[in-house]
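Below, chains carry the letters A, B, ... as their sequence lines are ordered, and counting in each starts from 1.
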Protein chains: 2
Amino acid sequence: MAGYVSDAVIKRLPAYYRHLQELEKEGVTQISSKDLGERMNLTASQIRQDINSFGGFGRQGYGYSVTGLREHIGHVMGLDTAHRMIIIGGGNIGKAIAASASFARIGFETVAIFDNDPEKTGEWIHGIPVQDIAVLERFVSEQPVDIAVLAVPATEAQSMAERLYKLGVKGFWNFAPVDLKLPRGAVAENVHLDESLEVLSFRILQE
Amino acid sequence: MAGYVSDAVIKRLPAYYRHLQELEKEGVTQISSKDLGERMNLTASQIRQDINSFGGFGRQGYGYSVTGLREHIGHVMGLDTAHRMIIIGGGNIGKAIAASASFARIGFETVAIFDNDPEKTGEWIHGIPVQDIAVLERFVSEQPVDIAVLAVPATEAQSMAERLYKLGVKGFWNFAPVDLKLPRGAVAENVHLDESLEVLSFRILQE
């Protein structure tokens with residue numbers, strides 16, 4: 001669908017999608033690379049390069065079709081299909097993700113939560129029961145799962161990812177402060193909250 | 001304290017810190033740039049360049065002192081001083097951050113939570129009362145605050161940041177899906193969870 005897309009462009013795709021959604025809400029139907037660039041803090045030529053790199057979307061006349069481009073980028077990111085997500089770990093982060101409506105709104109639906117703590121299993125979070133991790137294999141064999149959210153301690157994340165990979169899960173949203181080592185075909189996106197806070201601390205000191 | 005440090009290096013600082021902490025736990029006292037590089041998936045020369053760029057730490061003999069380097073990086077990031085944090089928004093994300101012990105462990109202490117919802121004010125989250133946002137000005141004038149966590153809807157994040165900046169808050173940990181426009185001297189670190197999930201979706205499709 002898309003050819004080689006650089007990491008920098010990949011990280012910008014969601015921002016494109018968000019800005020185009022906002023433009024749609026504002027009733028804007030066409031936008032030039034210059035105006036989109038000003039809005040996104042990029043140059044017009046960067047905008048054109050980015051959009052060329054994920055391919056298949058031409059510029060018509062005086063600019064891009066806002067809806068057309070938003071739909072195209074959504075398609076490139078796979079946002080036009082639903083994703084089934086399970087959460088491993090019913091702690092604070094796991095609970096917050098399960099309880100948030102915003103992920104479901106963009107097509108990522110939490111279908112199950114697992115934990116190994118008997119005090120947590122049996123609890124319900126936002127209408128989803130927390131199940132014993134012992135039934136993970138049975139659950140995943142019966143129901144397709146696209147993404148596993150790893151909201152487990154650092155020491156358990158790698159082995160949990162391997163266990164899930166064996167069950168066919170290929171996408172990991174990793175909140176544990178470790179860099180997962182994954183086999184080919186599996187991908188992880190890390191949310192390292194501690195590290196984000198440490199970077200903020202550094203930037204404050206630099207000011 | 002540090003001279004110009006590139007964005008890429010800044011983002012790697014927490015990983016240095018984390019790996020050096022792990023090495024300390026393993027009882028390693030000295031490490032070469034080659035061994036540290038292998039561990040961190042960087043080349044030895046990248047390691048040396050990075051460490052030179054945040055300055056003031058020489059290589060002794062056969063390698064770096066693990067504790068010395070960890071302390072130096074901690075100091076460069078400001079992790080050797082405590083940070084006082086307030087959370088704006090007592091929803092799922094605000095609650096998860098308040099309830100997490102891990103941020104306090106690295107020196108970021110939540111001292112107050114604010115919300116504008118009368119149903120939330122008066123609640124206690126992990127021993128911290130949720131206060132009415134109306135008392136924000138009084139609170140911040142009486143107690144120093146280094147960092148504000150913005151766990152508010154996208155539509156409120158910018159005006160809330162401006163309100164806090166006027167009160168002297170310079171550091172923003174922003175969970176709202178907007179790019180804040182801040183005056184000089186203020187810094188934000190964004191955690192865009194929706195976007196992280198969208199990037200994961202893209203990467204899954206590419207596999």
Practice problem: May I ask you to say whether B:Glu189 pairs ionically with A:Arg203, meaning some side-chain N is under 4.0 Å from a carboxylate O? | Solution: yes
Quiz item: Mind checking whether B:Met85 and A:Leu200 have side chains closer than 4.5 Å, heavy atoms only?
Solution: no
Quiz item: Given a strict heavy-atom distance threshold of 4.5 Å, which part of B:His192 is in contact with chain A: side chain, backbone, both, or neither?
Solution: side chain
Quiz item: Quick one: CD1 on A:Ile93 to OG on B:Ser102, what's the gap to the nearest 0.5 Å?
Solution: 7.5 Å
Quiz prompt | Contact summary for B:Leu205 and A:Met77, nearest pair of heavy atoms | solution = CD1-C, 3.9 Å
Practice problem: State plainly whether the residues A:Glu195 and B:Arg18 are in salt-bridge range, i.e. N to O under 4.0 Å. | Solution: yes
Practice problem: Select one option (side chain, backbone, both, neither) describing which atoms of B:Leu197 are under 4.5 Å from chain A's heavy atoms. | Solution: both
Self-check item: Choice from A:Pro177, A:Ser100, A:Gly171 maximising heavy atom contacts with chain B below 4.5 Å
Solution: A:Pro177
Exercise. Output the option from A:His83, A:Lys170, A:Arg105 having the highest count of non-hydrogen pairs under 4.5 Å with chain B.
Key: A:His83
Quiz item: What's the verdict on side-chain contact (heavy atoms from CB on, under 4.5 Å) for B:Val191 and A:Val191, showing C-alpha distance, side-chain angles and the deciding distance?
Solution: CA-CA 8 Å; B:Val191 181; A:Val191 181; 4.1 Å; yes
Quiz prompt | Heavy-atom contacts under 4.5 Å, residues 140-167 of chain A to chain B | solution = A:Asp146, A:Ile147
Practice problem: Check whether B:Asn174 gets within reach of chain A through its side chain, its backbone, both or neither, counting any heavy atom under 4.5 Å. | Solution: neither
Exercise. Please test A:Leu193 against B:Phe103 for side-chain contact (heavy atoms from CB on, under 4.5 Å), starting from the C-alpha separation and ending with a verdict.
Key: CA-CA 9 Å; A:Leu193 292 176; B:Phe103 307 124; 3.9 Å; yes
Practice problem: For residues A:Pro14 and B:Phe202, determine if any side-chain heavy atom of one lies less than 4.5 Å from a side-chain heavy atom of the other. | Solution: no
Exercise. Output the option from A:Ser196, A:Ala99, A:Gly107 having the highest count of non-hydrogen pairs under 4.5 Å with chain B.
Key: A:Ser196
Quiz prompt | Straight-line distance of A:Glu198 CD to B:Leu79 CG, nearest 0.5 Å | solution = 5.0 Å
Self-check item: Value rounded to 0.5 Å, distance of CE in B:Met40 from CG in A:Asp179
Solution: 8.0 Å
